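The model shown is predicted, which means the values in this text are computed figures rather than measured ones. Residue numbers run from 1 in the order of the sequence given.
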Amino acid sequence: MRVYLQSLGCKLNQSEVESLAHRFVQAGHTVVNTPREADLCVLNTCAVTQTAVSKSRQAIRRLRRANAKARLAVTGCYAQMWPQEIWGLGGVDLVIGNEDKAHLVEQLEEGSKEQQSSASAFWLPIPQAHTRAFVKIQDGCNNCCTYCLVRIARGKQRSRPQSEILAEIEARVAAGYQEVVLTGVHIGAYGRDSGCQKDESLGTLVGTILRRTGVRRLRLSSIEPWDLDPAWLRLWEDSRLCRHLHLPLQSGCDATLQRMGRSYTAGQFAALVAAAREAIPDVAITTDVIVGFPGESEAEFQQSLRFVEAMGFARVHVFPYSARPGTPAARMPGQIPPPVKKARSQAMAEVGRRSAETFRRAFLGRSLEVLWEGHGEDLKPRQKALWSGLTDNYLRVRTQEEKNLGNTVTLTELVALVGDGLWGKVHYRL
């Protein structure tokens with residue numbers, strides 16, 4: 001069977017799609033690059049905002065139009081929360097929630113005898129378009145952020161055994177991946193459940209990975225501010241741990257943070273960022289900010305705006321508040337009108353754009369290691385291909401080069417600002 005896999009939303013969803021691809025191949029199937037080639041299309045959906053739900057519905061319709069003969073399976077958070085709505089769209093053959101996602105291959109095969117043991121340690125060689133492997137270390141969340149649907153869609157916190165994580169990382173490295181990204185719903189809570197041994201934590205897991213695997217780069221996905229133990233900052237003495245921390249702020253106003261159910265103040269967040277910057281030279285601190293949260297006055301928004309501006313983030317992801325059914329915030333008084341949310345989003349995004357440009361500008365004239373991605377974008381005949389890659393501190397770099405840079409690391413001089421990234425001049429391969 002030929003299978004096409006697509007993921008929407010977070011890095012955790014991407015990690016799960018990579019794992020599904022592995023399981024399908026183990027079972028004797030072929031993963032293809034376009035839905036037109038497929039006998040089966042699988043979509044891993046998102047529901048974190050109403051926009052994400054809309055994109056999930058659009059993706060379902062596009063897949064059905066692209067190949068009406070293929071079977072279509074829909075999974076993920078949208079499927080977990082509103083399966084009947086998906087059935088109502090028509091043309092869907094299977095809707096499976098997050099709880100049963102791990103058994104998707106078995107359900108689709110309907111008892112096929114072709115399936116092999118899932119204990120196999122190999123992974124497919126690295127796809128040419130990818131250089132980073134997303135490795136899931138936990139799922140679920142025990143927090144009570146008043147706006148969040150994900151904790152409902154994903155269930156309680158549960159950690160993956162360390163031995164499984166290490167085995168997958170070693171297999172990914174053997175398959176050619178240069179960078180591993182540890183991902184999950186709430187990775188900072190790793191080890192706080194019965195799935196792990198006593199005293200196990202994200203910090204101990206990271207230290208073990210660095211000691212026991214040959215991974216060239218190790219990157220952490222989003223970490224809640226209250227989970228970043230200052231003692232862990234010593235881990236960045238190992239240069240393989242990427243100098244990038246994504247710490248979701250959500251608001252720079254203490255009153256808004258309290259209504260959100262966030263267990264820190266803006267001052268505590270600022271102190272944590274200052275400690276990280278002192279311990280990790282050139283670290284990129286990126287963040288998420290919600291604007292237009294219920295009850296957010298103009299004064300509260302301005303306070304949040306000023307705080308974000310003062311923090312000097314390397315990147316700011318701005319989200320207008322989206323009421324999610326079943327969450328406390330959806331029932332709060334003081335819901336903000338859409339035009340006000342839109343205006344606040346634009347103002348916050350502009351602050352984020354300037355902040356990101358200032359961060360990038362500080363690296364002009366310097367040379368950093370870049371991990372190049374993909375095949376290289378072909379230009380006109382006899383022109384060099386256009387390449388794109390990332391530094392360890394999450395700077396997007398582009399260059400033109402005749403040689404194949406895909407999945408290689410080069411020392412690259414950063415010579416100009418280009419769009420949301422920088423233009424690089426490759427010195428040599430490492």
Please check if the number of heavy atoms outside [X] that lie under 6.0 Å from its [atom1] is greater than 12.
X: R36; atom1: CZ; result: no
X: E37; atom1: CD; result: yes
X: K341; atom1: NZ; result: yes
X: R212; atom1: CZ; result: no
X: E278; atom1: CD; result: no

So, taking the atom named [atom1] in [X] and the one named [atom2] in [Y], what distance separates them when rounded to the nearest 0.5 Å?
X: N407; Y: R132; atom1: CG; atom2: CZ; answer: 12.0 Å
X: L182; Y: S222; atom1: CG; atom2: OG; answer: 13.0 Å
X: E99; Y: T75; atom1: CD; atom2: OG1; answer: 10.5 Å
X: F313; Y: I285; atom1: CZ; atom2: CD1; answer: 8.0 Å
X: R154; Y: D139; atom1: CZ; atom2: CG; answer: 4.5 Å
X: R262; Y: D254; atom1: CZ; atom2: CG; answer: 13.0 Å

Verify whether one side chain among [X] and [Y] offers a donor that lies under 3.5 Å from an acceptor in the other.
X: H186; Y: D227; answer: yes
X: R324; Y: T327; answer: no
X: T286; Y: H244; answer: yes
X: W372; Y: T410; answer: yes
X: Q157; Y: D193; answer: yes

* Go through the steps to decide whether E350 and R353 satisfy the test salt bridge (charged side-chain N to carboxylate O under 4.0 Å, His left out), and finish with yes or no. => CA-CA 5 Å; E350 175 58 22; R353 185 197 65 77; 2.8 Å; yes
With distance as the sole test, does [X] use its side chain to make a donor-acceptor pair with the main-chain N or O of [Y] at under 3.5 Å?
X: S201; Y: G191; result: no
X: N393; Y: A284; result: no
X: N143; Y: C145; result: no
X: T213; Y: E170; result: no
X: R259; Y: P294; result: yes
X: S304; Y: G252; result: yes
X: S367; Y: L411; result: no
X: R360; Y: L422; result: no
X: T408; Y: N404; result: no

Answer yes when [X] and [Y] have at least one side-chain N-carboxylate O distance shorter than 4.0 Å, and no when they do not.
X: E369; Y: R217; result: no
X: R396; Y: E373; result: yes
X: D282; Y: R366; result: yes
X: E296; Y: R344; result: yes
X: D420; Y: R398; result: yes
X: E357; Y: R315; result: no
X: E85; Y: R57; result: yes

* To do: Describe, in one word, how the ring planes of F293 and Y147 are oriented to each other, choosing from parallel (under 30°), tilted (30 to 60°) and perpendicular (over 60°).
  => perpendicular
* Structure fact -> Residues passing the side-chain hydrogen bond (donor to acceptor under 3.5 Å, both in side chains) test with D39, sequence neighbours excluded, are R2
* Evaluate side chain to side chain donor-acceptor pair (under 3.5 Å) for E300 paired with T256, printing each intermediate quantity in order. => CA-CA 7 Å; E300 288 181 352; T256 308; 3.2 Å; yes
* Name of the residue among K136, R23, K11 meeting salt bridge (charged side-chain N to carboxylate O under 4.0 Å, His left out) with E16 -> K136
* **R354 and F359: CA distance, side-chain angles, deciding distance, side chain to side chain contact (heavy atoms under 4.5 Å, CB included) verdict** => CA-CA 9 Å; R354 294 197 304 265; F359 182 78; over 6 Å; no
* Asked: Run the side chain to side chain contact (heavy atoms under 4.5 Å, CB included) check on L43 and L63 step by step: do they pass?
  -> CA-CA 9 Å; L43 177 66; L63 287 173; 3.9 Å; yes
